[in-house]
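Structure first, then comments.
Worth saying up front: this structure is predicted, and the values here are computed from it rather than measured. Residue numbers start from 1 in every chain, and the chains themselves are labelled A, B, ... in the order their sequence lines are given, proteins ahead of strands. The analysis underlying the following values was restricted to heavy atoms, covering all of them including side chains, and did not include hydrogens, waters or symmetry mates.
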Amino acid sequence: MYKASSHIKVTQIFSESIDNLNLSKRRSILALLGIIVGSSSIIALLTIGGNAADEAVRIFKNMGTDILVVGFPYSHQNRQPLPSTLDSQALRKAVPGISQIAPITLHSAQLSHNGQNTDASLVGTTQGLADAIGLKFNAGRDLSRYDHRETFAVVGARVAKDLGSLGNPLRVGDLIRIDNYLFNVIGIAESLPATPLIPIVLDESILIPIEGMKRLRPAPEITGIIIKADEADLAALAEVLNSYLTQTFNGREVDVQIPQQLLDGLRHQASTFSYLLAALGGISLLVGGVGVMNVMLMSVAERKREIGIRMALGARQRDIRTLFLLEAVNLSIVGAIAGALLGVAIAFSFTHFSGWEFTLSIMALPLGVGCSLLTGIFFGLYPAISASKLQPAEALRAE
Amino acid sequence: MIISLDGITYSHRTGEQELCVLKDVTLDIMRGQSCAIVGSSGSGKSTLLNILGLLSRPDSGEFHFVGYDMCSASSDVLASIRNQEIGFVFQSFNLLSRLTALDNVALPLSYRGFSRNKARQHALDHLKQVGLEDRVTHLPSELSGGQCQRVAIARALVGNPSLILADEPTGNLDSQTATEILDILLALNREQSVTLIVVTHDIAMANHFDRKLEIRQGKMHEVAVARDDKHV
Ligand SMILES: Nc1ncnc2c1ncn2[C@@H]1O[C@H](COP(=O)(O)OP(=O)(O)OP(=O)(O)O)[C@@H](O)[C@H]1O
Ligand SMILES: [Mg+2]
């Protein structure tokens with residue numbers, strides 16, 4: 001067997017592959033673009049998706065995880081009318097482990113004050129709601145148990161802003177007209193972000209004593225109950241609540257939601273969303289990969305003669321293959337790095353303008369960069385192999 | 001014996017058509033000989049040189065290079081032999097246009113595992129031998145045809161080959177430069193006893209070689225060299 005000396009080092013091929021890229025910049029940039037778009041979208045989308053999920057969960061967590069929300073789904077079988085309010089004392093006695101109870105009835109209304117009009121959701125409730133959902137007051141106070149006969153109102157932040165005017169903001173003690181009744185403002189709430197758990201958007205609401213709802217709406221029915229628990233086992237509490245309320249409301253269907261279910265649902269939804277986005281990024285990467293393949297095939301076709309010369313000078317098939325593969329990989333490394341920077345920048349500005357907290361998700365960077373590299377290798381492999389399979393004499397004849 | 005061909009055949013295939021170029025080539029070449037290959041255009045000189053240079057494989061026949069069977073050798077072995085034993089000089093120079101003269105010459109050594117610096121050092125020595133030490137950093141496009149061919153000769157020599165194959169090395173050069181290039185090649189053959197095989201159209205040039213081989217109808221014919229006008 002003929003004894004060969006040692007062969008070219010991969011580091012040497014690597015430095016040549018870099019030289020070659022430098023020398024065909026314009027074409028390289030074209031392929032880069034695809035890779036950059038692909039990897040940056042994967043990274044940006046995953047990061048944004050992750051941050052969106054975090055944000056939702058965070059808002060939700062602020063509300064406390066000790067809340068139960070009771071709803072009464074409409075059913076055809078049992079259309080028992082619901083009472084207009086709830087005997088909180090009786091419920092508290094029957095179901096131990098409750099710290100706050102707030103029944104709510106939900107309507108909408110047009111409000112006017114001092115020539116300013118606005119729409120709001122009209123929420124009939126009792127004291128305990130503010131405490132249960134963590135509502136704070138800019139001015140004034142919450143509804144109290146002695147208010148049930150009064151035309152008192154607690155105003156949500158957005159509603160208060162709409163009803164006030166420049167230099168004359170809404171104050172405690174002001175009168176607001178709802179239909180034909182004047183309500184006395186006893187409290188103005190701080191802004192409270194909406195959450196999927198609580199069925200009311202507080203900023204858009206005006207709270208009045210639930211007993212007073214009869215004045216404004218014919219035959220009001222309670223739409224839900226918000227309960228703050230004293231004990232840790234919410235699932236058990238929910239079960240007891242369910243059976244008690246079903247009994248109390250003549251067999252109406254009762255749905256008790258606990259935060260964990262919603263949290264899980266939300267997380268699931270958020271992660272589905274980010275995987276969808278990642279798939280989208282994957283598709284862009286695929287397009288980028290086809291771009292790399294195209295550029296590399298062009299490069300191989302254009303450099304046939306060079307391949308022939310290198311072979312004549314002693315390059316083995318694997319040396320040629322490595323050279324072209326490394327060129328494709330270099331392209332994807334540069335693309336992946338540029339894409340990573342771009343993707344993080346996009347994600348950062350998106351979360352910044354959404355007012356979210358920005359955290360770089362652990363998976364996003366390695367996933368984005370790794371996918372780009374794999375794309376480069378995968379799509380660079382075919383051109384590289386086809387280059388290495390050229391017959392030296394034929395390659396040398398090429399123009 | 002460096003080269004031994006026995007009953008070599010080769011056909012070019014283009015689609016359906018098959019063109020039989022070499023029908024039965026039998027040839028032995030000793031180490032240190034200089035041979036001119038002549039023949040009319042299209043007779044198969046380049047085809048034969050590609051086979052001798054291990055750039056294409058014959059269809060049938062036996063081919064031994066420095067005693068090794070080339071027909072059964074793997075393509076990696078062929079690449080190693082091209083790298084270590086053979087230097088090529090082409091009519092159209094075939095320098096890599098993006099590399100400097102120095103890096104072009106250093107290229108064969110890098111395929112032998114030399115570090116870049118060491119390869120460049122050797123390359124510089126060989127560029128000096130062909131009188132181009134002041135053109136080291138030039139790109140091929142910045143060199144004249146004769147200079148390019150001298151770079152190519154330096155590249156062919158840098159790996160200390162035992163055989164130099166040249167396909168019409170002076171075909172693109174004016175007659176004065178052609179003579180210079182030929183002198184370099186013949187001097188190599190004389191002084192370093194490198195085996196030299198040159199394809200040429202030039203009958204006068206062919207007479208400077210030890211042997212003159214003519215391809216006619218796909219066969220090899222030894223022709224007597226007209227000794228009287230050989231250089232001294
Ligand atoms: N790749 C190829 N495909 C098909 N036919 C080819 C190919 N290469 C050469 N031929 C044919 O083979 C024959 C021999 O070609 P070759 O190049 O060996 O001739 P040559 O003796 O070198 O001629 P010249 O002196 O013009 O260079 C020619 O008829 C040519 O047309
Ligand atoms: Mg020819």
Kindly compute the distance separating [atom1] ([X]) from [atom2] ([Y]), expressed to the nearest 0.5 Å.
X: A:K9; Y: B:Y111; atom1: NZ; atom2: OH; value: 13.5 Å
X: B:R82; Y: A:R310; atom1: CZ; atom2: CZ; value: 14.0 Å
X: A:Q12; Y: B:S115; atom1: CD; atom2: OG; value: 8.0 Å
X: B:L99; Y: A:E16; atom1: CG; atom2: CD; value: 7.0 Å

Under a 4.5 Å cutoff for heavy-atom pairs, which residue among B:I86, B:N83, B:D69 has the most contacts with chain A? B:N83
Per-residue tally against chain A (heavy atom, under 4.5 Å) across B:D103, B:L96, B:V66, B:N50 peaks at B:L96
By a 4.5 Å heavy-atom criterion (distance strictly below it), what part of B:F65 contacts chain A: side chain, backbone, both, or neither? neither
B:I51 versus chain A, heavy atoms under 4.5 Å apart: side chain, backbone, both or neither? neither
With respect to chain B, which residue among A:Q391, A:E306, A:E394 yields the maximal number of heavy-atom pairs within a distance under 4.5 Å? A:E306
Which heavy atom of B:A79 sits nearest a heavy atom of A:A315, and at what distance? CB-O, 3.7 Å
Minimum heavy-atom distance between B:F88 and A:A312, given as atom pair plus value: CE1-O, 3.3 Å
Atom [atom1] of residue position [X] - does it have more than 12 heavy atoms of other residues, nucleotides or ligands inside 6.0 Å?
X: A:H352; atom1: NE2; value: no
X: A:Y382; atom1: OH; value: no
X: B:E18; atom1: CD; value: yes

Candidate list A:Q317, A:K389, A:R316, test side-chain contact (heavy atoms from CB on, under 4.5 Å), partner B:S75, passing option: A:Q317
Checking side-chain contact (heavy atoms from CB on, under 4.5 Å) between A:L313 and each of B:V158, B:L109, B:L107, which is the one that passes? B:L107
Can you see whether A:R305 engages B:S92 through a side-chain donor-acceptor pair at a distance of less than 3.5 angstrom? yes
May I ask you to decide if A:G314's main-chain N or O and B:S80's side chain share a donor-acceptor pair within less than 3.5 Å? no
Assess the residue pair A:I309 and B:R155 against the criterion (side chain to side chain contact (heavy atoms under 4.5 Å, CB included)); give the C-alpha distance rounded to whole Å, side-chain angles, the decisive distance to 0.1 Å, and a yes or no. CA-CA 11 Å; A:I309 295 169; B:R155 182 180 64 183; 3.6 Å; yes
